[in-house]
4 protein chains.
Amino acid sequence: MLRFLTAGESHGQCLTAIVEGLPAGLQIDVQVINRDLRRRQGGYGRGARMTIEEDRVQILSGVLYGRSTGAPVAICIENKDWANWRERWQSGNLPRFTVPRPGHADHAGMVKYDMSDARPISERASARETAARVAIGAVARQLLAGFTISVGSYVTEIGGIAADLPDQSHAKLWALAEANDLRCPDRLAADLMRQQIDQAREDGDSLGGVFVISATGIPVGLGSHVHWDRRLDARLVRAVMSIPAIKGVEIGPAFENARRPGTQVHDEMYLDDKGGITRHTNRAGGFEGGMTNGMPIVVRAAMKPIPTTVTPLRSVDLATAEPAWTQYQRSDVCAVPAASVVGEAMVAWTLAGALVEKLGGDSVDEMRSRIEKA
Amino acid sequence: MLRFLTAGESHGQCLTAIVEGLPAGLQIDVQVINRDLRRRQGGYGRGARMTIEEDRVQILSGVLYGRSTGAPVAICIENKDWANWRERWQSGNLPRFTVPRPGHADHAGMVKYDMSDARPISERASARETAARVAIGAVARQLLAGFTISVGSYVTEIGGIAADLPDQSHAKLWALAEANDLRCPDRLAADLMRQQIDQAREDGDSLGGVFVISATGIPVGLGSHVHWDRRLDARLVRAVMSIPAIKGVEIGPAFENARRPGTQVHDEMYLDDKGGITRHTNRAGGFEGGMTNGMPIVVRAAMKPIPTTVTPLRSVDLATAEPAWTQYQRSDVCAVPAASVVGEAMVAWTLAGALVEKLGGDSVDEMRSRIEKA
Amino acid sequence: MLRFLTAGESHGQCLTAIVEGLPAGLQIDVQVINRDLRRRQGGYGRGARMTIEEDRVQILSGVLYGRSTGAPVAICIENKDWANWRERWQSGNLPRFTVPRPGHADHAGMVKYDMSDARPISERASARETAARVAIGAVARQLLAGFTISVGSYVTEIGGIAADLPDQSHAKLWALAEANDLRCPDRLAADLMRQQIDQAREDGDSLGGVFVISATGIPVGLGSHVHWDRRLDARLVRAVMSIPAIKGVEIGPAFENARRPGTQVHDEMYLDDKGGITRHTNRAGGFEGGMTNGMPIVVRAAMKPIPTTVTPLRSVDLATAEPAWTQYQRSDVCAVPAASVVGEAMVAWTLAGALVEKLGGDSVDEMRSRIEKA
Amino acid sequence: MLRFLTAGESHGQCLTAIVEGLPAGLQIDVQVINRDLRRRQGGYGRGARMTIEEDRVQILSGVLYGRSTGAPVAICIENKDWANWRERWQSGNLPRFTVPRPGHADHAGMVKYDMSDARPISERASARETAARVAIGAVARQLLAGFTISVGSYVTEIGGIAADLPDQSHAKLWALAEANDLRCPDRLAADLMRQQIDQAREDGDSLGGVFVISATGIPVGLGSHVHWDRRLDARLVRAVMSIPAIKGVEIGPAFENARRPGTQVHDEMYLDDKGGITRHTNRAGGFEGGMTNGMPIVVRAAMKPIPTTVTPLRSVDLATAEPAWTQYQRSDVCAVPAASVVGEAMVAWTLAGALVEKLGGDSVDEMRSRIEKA
């Protein structure tokens, strides 16, 4: 079993994560993690915060001589912005925050945790936490690489502008996405998205969008049909839905498939060279019966617009129980490209967990010898 | 913590389920469970099997004098069809099944579990198992009822025919859905769906669709933003995605929200009569920051067409490693109405679990006194 | 992950269990399960109930053609005594039970679950439930057998009579234990224990004792030192302590080791024939650093006397809040031999779970090929 | 649900822990944590390492204005010794370690994690990790304090010297234990233990012992009889057994109770002033039916002698497959007093978890209002 915990606030000292259950012998390259952290930070539409931070990971334990030891791996990412907040934070001199923002955790969190100030809620609910997840995902990605499993993502829609995706392999789409700051394989659409974001910024508004996470090199039979909570597609969807602002997910073109007759949906099977089974289509998005079927995994996710807008929204001041307008807090205009990187991390993590479960996970070499045999 | 396990095959002796963690003192009415089992069995488009079965639940333990005792509740639903299968089943004389069906667990299951015959896979992967879930959900529903939480569902799309939903309360939509065998609140659309199903049956094809599960009377603050795996919307989505053939899920109109600017998406807050907060819109589908916000929960799910079609699909005979066509197995043409009832069960179950977690769950009376205080 | 749930009351219709996570391809012999059920039922000192019951298991699902399919296995054991209780049970005409018994779950259960009658508590707290665990353990035992792991037990002390254990292999001790109805390898001690039990019966009293569960053929490296909850010795001890009336457990002669200097405790290492490591002593009871070290596992457990005694004990009638004496309920005088069989089951189960975790658990053949390689 | 992960090696940079599931509003005093860290470090018989370290905790997140926010709490304890190890550690110039020590995780860990050097195993298996657990336990202790639950410990036996315990309340025994560096309430026995430790040091040997952890102010009904894994006594025993070198545990005088007839073991019930139930004895150690019964919890634990001894033990050099003697590594002679403090932490943690489960755990105020009502 692979598991992790993260801790840390948006303007606190640092983000901390502990990953437990990693097999021993995994070569962990800090540069690979930092590269993913940079990919999360980039993206057109981010706010001023990202000009302050330059996320770098520190590995505090669980790795000796560059390889995992089987022991828990502790990870730390410092918040550079902490220098600006430290005094206020420690003295308790943070401004009162009593007007919850629609779309945010503020109100529900205050009610749940019995608080008259939303600060402790918003600090933890902030998507800043996803930097820790990206670091964890980058570790998982390095585990998967040893099994020729790759995970990537690309943005397909922002603020109503939809990309026209070329009919390309996933690897090619990932490479195209890497080439611009919208993470969109369609460069023309990317240009329009950029304009849309500029317009939204001018309007004091925010934007959401849609992205795809895909994974290739997947063995047949991760997950299982035998019990509801063993279905890997459902676990994957949960992992992706747990990213702040993600509200919809589909495996393959699910909503479109729902409109078609079965004979046009199910991916027919053909004999491959090695006497196995292959497909010419992948409408199932890589899953049948809750198990991987060997085809690429394709997950599409819908992100709502950032809930913090310069244009105030109607709310209530809970200190006075009077109607009030939300007050602006520094935020992004659009974080879809960043979210797609977090999505990769959550998918990589979930797949790594399924792999450890399937192969047993004491050491990477052992895992590798087992899959070769399989 | 509330948990369950189900067991049972499609043509085996019975389905069994054990529910563990129910608070004591819950009045459990077997008729309410049987009613939901009937609702699952009905629905236009089901196959011949449903004329054989008339599902009824037996409670074997955990209930004394009509009330739960806190002990595990064992549930049994007999398969009437067992009488027809028993001999073949026990003698091992079931026909060989070596041509996996596209869209099914057959192939991945055979590879995973190292089998040369798909029977043991298809028997468990069959949606027959969902009858046990509906029974469990009906128990959860009775727990929720004591907290004025209701869960219902309706079908909005089948085979490309989309319902035109009246602007009505959830309770009203549920009632309209109950009134026809498509579980669709739009009677005219229901008629067209029925024709579409007839056509698909004639074509030897199958159909999928879309349904909505909604829940009302939800307290603020179930789930949490503090850790990825405490987000209740993500848990809910996993639960719904675990239903066979469900491939896409959204909370509120997520894919549509992704196209709109933030100021048109986030549900503004207004003061209600009691000094609390209310909304005039519910584009968030009842969740902010992974927590319930007091508005109705709205989950929309996309179901792929039934993978078993009379029209054969291309596959491979794994016994001979030769191309082959799938052979027909008795099946439904469309099971969207049934799936919507299973969806209710999974949502009811997940909410009951969140409630037990929030309130502590030794006895229903204790839980009730705690929520009244809150 | 291997998991199970049990359900059922002492005088209810049946015991039910569902085992989830079993690898596919395991040959399950019902006779092996029934044999363990008989071993649990036997034992000198049991009460009248055991003359009524003749426990036999029914497998309701998860097995096809005699082999596990990977799907959940449902198990049922009927209570023959149910015939005598059914009417009273269903009509609600069971006698009021308001004087909790010292040593029993009665009082704490009534407080916890908010009940004025102890019946629903005592029905589930009864050790009758352990029959289901023995059945589950017998399934686990059949899995372990494929890896040449054996689990057995013997009684070493009852009512103060301690056995004088011959210096024999575990297998030999198990065989000696099987030879008498005290499950004690020392026949002379067994005779004295029998007399002690007769005396206790005459005195209207009850007896406890001590037993040893041991396991042989254990691979090195089950469990782990890396995190507190991965230590297998601690899991094992929890599993054994979860048996009703078990209050103390040690791995190896722990309390004696605590008195000795380190040089006399730690099992020195010697080269074995195959270049591996062996020991001439096993004071560690098979565990170092929370992991199996390849030596036999030795767990010793202390059982308190049966809390239901013919001689009344001081209590309080909770209906009247007046002092009262406990009223006799049919019970055993001594159940140590039975508990030792349940102990085997819990150890077998825990080891099976550790094995599935280590090897990955899709099919028994796959697991076997992996351990051969290791 | 309350959970934690720890990370960190004995000679690495620091220990890290993340605690997840703490209710909001808990006042966390760092001094209370540091005091427990000091209590763990003290104790006669520790080695040179403890003169280097002066453990202090840093809270990195989850606390704002001195109170928990409901978010995960990250904790860091620096290893001062790191300064001495850093260069060797990072350059990979640590001496080869290929002779596993009997009694240690070394050998099993090397086999399990496929390593030719024991360093990565011994670094994590070291009891240094328990400093993190003590910090976590000190947080749990502060939660329990709000419910008038106290946890303490005392040493009763070291190297064969047994304390003669005065017939005193638990609080008094804890205070007596605090008064000497053996943590033993019997000052005369403490003097003898000190001599025993001096002798062992002179002999190049090591010592184990026995300690008691007790807890007072316990509400009735934590844990449950309804399922094996809900029994709190078994969970508690697992938690204590997970401490390095602990090999035996009993709840109340279990092994002695096993020799007595039931009428002399079970704690008779008496009416208390408030119409509730009280006892004059506590042979059950605070548990009946796996649930707390309101009496103090009493857990007794046996610790084996430290496995690292100056006097070499027979082993094998795994680099050469030749017999070899263990080489001395810096270590303690006796760590029983330290282990008793870790035991408190594990018990406090387990009880805090049970309390959160029983009461629901969103905020401390809410929990408190619920228990007052109960």
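This is a predicted model, so every value here is computed, not measured. Every chain is numbered from 1 and lettered A, B, ... according to where its sequence line falls, protein lines coming before strand lines.
With a 4.5 angstrom heavy-atom cutoff, D229(A) touches chain B via backbone and side-chain atoms both. Heavy-atom distances place no part of T130(B) under 4.5 Å from chain A, backbone and side chain included. Within the 4.5 angstrom heavy-atom criterion, only backbone atoms of I306(B) (N, CA, C, O) approach chain A. Interface remark: A200(B) contributes no atoms to any contact with chain A (heavy atom separation under 4.5 Å). Using a 4.5 Å cut-off between heavy atoms, I161(A) does not touch chain B at all. Heavy-atom distances place the side chain of V111(B), and not its backbone, under 4.5 Å from chain A. Contact of F287(B) with chain A is made through backbone and side chain together, with heavy-atom distances under 4.5 Å. Contact of M346(A) with chain B is made through the side chain alone, with heavy-atom distances under 4.5 Å. With a 4.5 Å cut-off on non-hydrogen atoms, R300(A) touches chain B through its backbone and its side chain both. Contacts of P253(A) with chain B are absent, with no heavy-atom separation under 4.5 Å from either backbone or side chain. For V226(A), the parts lying under 4.5 angstrom from a heavy atom of chain B are both the backbone and the side chain.
Of the inter-residue distances, the one linking H266(B) atom NE2 with T309(A) atom OG1 reads 7.0 Å to the nearest 0.5 angstrom. Remark: I251(A) CD1 to K304(B) NZ distance equals 11.0 Å, nearest 0.5 Å. Here CE of M110(B) is found 11.5 Å from CE of M291(A). Values are rounded to the nearest 0.5 Å. The NE2 atom of H227(B) lies 9.5 Å from the OG atom of S242(A); values are rounded to the nearest 0.5 Å. Remark: E288(A) CD to H107(B) NE2 distance equals 9.0 Å, nearest 0.5 Å.
With respect to chain A, the highest number of heavy-atom pairs below 4.5 Å among G290(B), G223(B), A162(B), G294(B) belongs to G223(B). By number of non-hydrogen pairs under 4.5 angstrom with chain B, the leading residue of V210(A), T308(A), I158(A), V249(A) is V249(A). With respect to chain A, the highest number of heavy-atom pairs below 4.5 Å among P244(B), A258(B), A254(B) belongs to A258(B). In terms of non-hydrogen atom pairs under 4.5 Å with chain A, the most contact-rich of L222(B), I246(B), T6(B) is T6(B). Of the listed residues (A105(A), A245(A), G252(A)), the greatest number of heavy-atom pairs within a distance under 4.5 Å of chain B belongs to A105(A). The greatest number of non-hydrogen atom pairs below 4.5 Å with chain A, out of P312(B), P100(B), P307(B), is found for P307(B). Of the listed residues (P261(A), G160(A), G221(A)), the one with the most heavy-atom contacts under 4.5 Å to chain B is P261(A). With chain A as the partner, the residue from G289(B), G208(B), S315(B), P323(B) showing the most heavy-atom pairs under 4.5 Å is S315(B). Comparing L207(A), N257(A), L5(A), V299(A) by heavy-atom pairs within less than 4.5 Å of chain B, the highest count is held by L5(A). Note: H104(B) leads Q264(B), E322(B), H104(B) in heavy-atom pairs under 4.5 Å with chain A.
The shortest heavy-atom contact between V316(B) and Y270(A) is CG2-C, 3.8 Å. Of all heavy-atom pairs between A301(A) and F255(B), the closest is C-CE2, 4.4 Å. Contact between D267(B) and P102(A) at its shortest, heavy atoms only, is O-CB, 3.3 Å.
Formation of a donor-acceptor pair under 3.5 Å by the D205(A) side chain with backbone atoms of T263(B) is found in this model.
Under the salt bridge (Lys or Arg N to Asp or Glu O under 4.0 Å) criterion, D332(A) pairs with R46(A), not counting sequence neighbours. Here R314(B) pairs with E268(A) under the salt bridge (Lys or Arg N to Asp or Glu O under 4.0 Å) rule; sequence neighbours left out.
Side-chain contact annotation: S224(A) with Y113(B), donor-acceptor N/O pair under 3.5 Å present.
Residues M241(A) and R231(B) have side chains not in contact (no heavy-atom distance under 4.5 Å, counting atoms from C-beta outward). Between P305(A) and V265(B), the closest side-chain pair of non-hydrogen atoms falls below 4.5 Å. The shortest distance between side-chain heavy atoms of M269(B) and R101(A) does not fall below 4.5 Å.
Between E250(A) and K247(B) there is no salt bridge, since none of the side-chain N atoms of the basic residue sits less than 4.0 Å from a carboxylate O of the acidic one.
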Quick one: side chains of residues 271-278 of chain B, donor-acceptor pairs under 3.5 Å with protein atoms, not counting sequence neighbours, listed by atom name and distance.
from: D272(B); atom 1: OD1; to: K274(B); atom 2: N; distance (Å): 2.9
from: D272(B); atom 1: OD1; to: G275(B); atom 2: N; distance (Å): 3.2
from: D272(B); atom 1: OD1; to: G276(B); atom 2: N; distance (Å): 2.7

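Residues of residues 121-128 of chain B lying under 4.5 angstrom from chain A, judged on non-hydrogen atoms, are I121(B), R124(B), A125(B) in numerical order.
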